[in-house]
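Every number for a ligand or one of its atoms is a count from 1 in the order of the listing. Everything numeric here is computed off the predicted structure, so don't read it as measured data.
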Amino acid sequence: MNNKPQARIRGIGSYLPQKILSNSDLEKLVDTTNEWIVTRTGMNERRIATKEECTSHMGAYAARAALEKAQVTAADIDMILVATMSPDYLCPNTAGLIQTQIGATRAAALDIQAACTGFLYGLSIAKALVESGTYKNVLVIASEKMSSFIDYTDRNTCVLFGDGASAAVVSDSGKGWFVDTVRLGADGELADLVIIPAGGARHPASQETVEKREHFFRMSGKEVFKHAVRRMEMAAKECLDATGLAADDIRWLVPHQANLRIIDAIAKQMNIPDEKVYKTVHKYGNTSASSVAIALDELLQEQQLNHDDHLLLVAFGGGLTWGAALLTQT
Ligand code: ACO
């Protein structure tokens, strides 16, 4: 008899700050137009955290919501994994800050940096920890305060990003969504395409780096776009091959919400019709690591799904990193 535990997402939660930054607000900050933003990205607005609201606070709100849905207490959590590229501090880690905010006193705490693919990297590690029998309950949190690293004088990036958080309780028992497979990839040769050049050990913060605005996020959007479509499609196909499923078997595709044109291109390449593709990009923009599970949380609240339904999650981000995950309702 096979007694190996099977990892499942037992509860999902998310948090979006109240403040809305609309396209017309951005028209007042940089040389852009609502028409350009809508046609090139599909975004109408995004959420921005207050000064006091940090990555750890948003992560803790999402974590509490996920714990409530999972009917698991903070004291039951063995490990907290936080995916973020906008941590409260370089040190200490954000996972530890959230551990104390939610009272998960038994939990170990680790941050993961895989930019927009962070949630899927976290899910993969959680699956391995649960299925190896190491832990019973792993809390995977993705939280981003991108607005702290965005240059609101740079029209190439400032229109794209928003703040927000999501969380999932991954357990060895209970009802939810089996994590059937997670496929991940990376290409460090292309690290320069998405970068915050200064503030790390290679270029520590100095007056010069601040004057050159090198502590802000930079992206070569057009190059990233090409890789995003190709890599997410590849990871998604690997997931389908690993589980013996076809694209037709997928009830919903839940993609990273970086750009409506990227989402449409992946769906088209995979022959997944638009009505099976879940989108939040118009209202939240790109919330980096948080985006996939924010979308997943909203999907599960809005739609009635059935036993054995399959969901395909795909993501892509700086690193470069990419990944896909196949979930099946228990
Ligand atoms: N308003 C008006 N014009 C603009 C704006 C703006 N906000 N931003 C750029 N432009 C201009 C550019 O300057 C350029 O002008 P030029 O032709 O005179 O030089 C023109 O618009 C076209 O620029 P492109 O870069 O060709 O525009 P594109 O159609 O590629 O769209 C975008 C840009 C939206 C960034 C797109 O490339 C994209 O979405 N890329 C992928 C982003 C992504 O996937 N990110 C995920 C990783 S992020 C992470 O990991 C955190």
Side-chain angles (χ1 to χ4, degrees), residues 21-46 55 83-87 112-122 142-166 184-188 190-197 216-233 235 255-267 279-282 284-295 314-324:
L21 182 67
S22 67
N23 290 352
S24 60
D25 295 329
L26 286 160
E27 284 176 342
K28 293 174 197 124
L29 293 177
V30 287
D31 180 15
T32 192
T33 59
N34 176 55
E35 204 256 334
W36 191 95
I37 301 172
V38 172
T39 54
R40 306 312 291 160
T41 72
M43 295 171 191
N44 299 318
E45 56 189 44
R46 60 292 292 146
T55 299
T84 186
M85 60 170 289
S86 50
I112 302 161
Q113 218 284 39
C116 302
T117 322
F119 178 78
L120 293 184
Y121 269 74
S143 186
E144 299 279 22
K145 189 172 179 179
M146 293 302 287
S147 59
S148 290
F149 295 91
I150 294 300
D151 183 350
Y152 286 96
T153 66
D154 175 13
R155 70 176 184 175
N156 291 298
T157 53
C158 75
V159 302
L160 302 174
F161 292 92
D163 300 333
S166 51
L184 302 172
D187 185 355
L190 300 170
D192 286 351
L193 296 185
V194 180
I195 192 163
I196 298 174
F216 285 125
F217 178 92
R218 293 180 186 177
M219 180 170 68
S220 309
K222 209 188 256 295
E223 276 302 295
V224 173
F225 193 117
K226 282 187 273 181
H227 289 286
V229 176
R230 206 152 42 86
R231 305 298 196 172
M232 279 194 275
E233 187 196 348
H256 172 46
Q257 309 284 319
N259 186 319
L260 185 61
R261 290 185 295 137
I262 294 179
I263 296 172
D264 289 346
I266 296 160
K279 296 166 200 168
T280 61
V281 64
H282 54 291
Y284 305 141
N286 181 351
T287 55
S288 187
S290 320
S291 97
V292 175
I294 289 174
V314 288
F316 181 87
L320 297 180
T321 56
W322 58 87

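- With respect to atom 40 (N) of ligand 1, the closest heavy atom belonging to the protein is Gly221 O, 3.0 Å.
- Among all non-hydrogen protein atoms, the one lying nearest atom 29 (O) of ligand 1 is Arg40 NH2, 2.6 Å.
- Each of the following atoms of ligand 1 lies closer than 4.0 Å to a heavy atom of Ala115: 50 (O).
- Inspection of the Thr41 and Asn259 side chains reveals no N or O donor paired with an N or O acceptor under 3.5 Å.
- Nearest residue to atom 25 (O) of ligand 1 from Glu27, Lys222, Met219 is Lys222 (criterion: closest heavy atom).
- For atom 9 (C) of ligand 1, the closest non-hydrogen atom of the protein is Asn156 OD1, 3.1 Å.
- A salt bridge links Glu223 to Lys226: at least one charged side-chain nitrogen sits closer than 4.0 Å to a carboxylate oxygen.
- No N or O atom of Ile262 sits closer than 3.5 Å to an N or O atom of ligand 1.
- At a threshold of 4.0 Å, the pair Asp25-Arg46 does not count as salt-bridged, since none of the basic side-chain nitrogens sits closer than that to a carboxylate oxygen.
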task: Report the C-alpha separation of Asn23 and Val159 in whole Å, then their side-chain angles, then the decisive distance to 0.1 Å, and conclude whether the side chain to side chain contact (heavy atoms under 4.5 Å, CB included) test is met.
output: CA-CA 8 Å; Asn23 290 352; Val159 302; over 6 Å; no
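- Residue contacts with ligand 1 leave out Ile37, since none of its heavy atoms falls under 4.0 Å from the ligand.
- Scanning all protein heavy atoms for the shortest distance to atom 32 (C) of ligand 1 gives Asn259 ND2, 4.3 Å.
- For atom 43 (C) of ligand 1, the nearest protein heavy atom (residue, atom name, distance) is Val224 CG1, 3.6 Å.
- Of the candidates Lys222, Arg218, His227, Met219, His227 is the only one forming a side-chain contact (heavy atoms from CB on, under 4.5 Å) with Leu193.
- Between the side chain of Asp187 and the main chain of Thr321, no donor-acceptor pair closer than 3.5 Å is present.
- Comparing Lys226, Arg261, His227, Arg155 by heavy-atom distance to atom 13 (O) of ligand 1, the nearest is Arg155.
- In summary, the side chains of Thr287 and Glu144 do not present any donor paired with an acceptor at a separation below 3.5 Å, with no hydrogens or angles considered.
- Ring geometry, Phe316 versus Trp322: the interplanar angle falls under 30°, so the pair is classed parallel (tilted spans 30 to 60°).
- Counting only heavy atoms of the protein, atom 1 (N) of ligand 1 lies nearest to Thr32 OG1, 2.6 Å.
- Relative to atom 27 (O) of ligand 1, the option among Phe161, Phe225, Trp322, Trp36 with the closest non-hydrogen atom is Trp36.
- For atom 48 (S) of ligand 1, the closest heavy atom belonging to the protein is Cys116 SG, 3.5 Å.
- Every pair passing salt bridge (charged side-chain N to carboxylate O under 4.0 Å, His left out) that includes a residue from residues 27-42 is listed here, sequence neighbours excluded: Asp31-Arg155.
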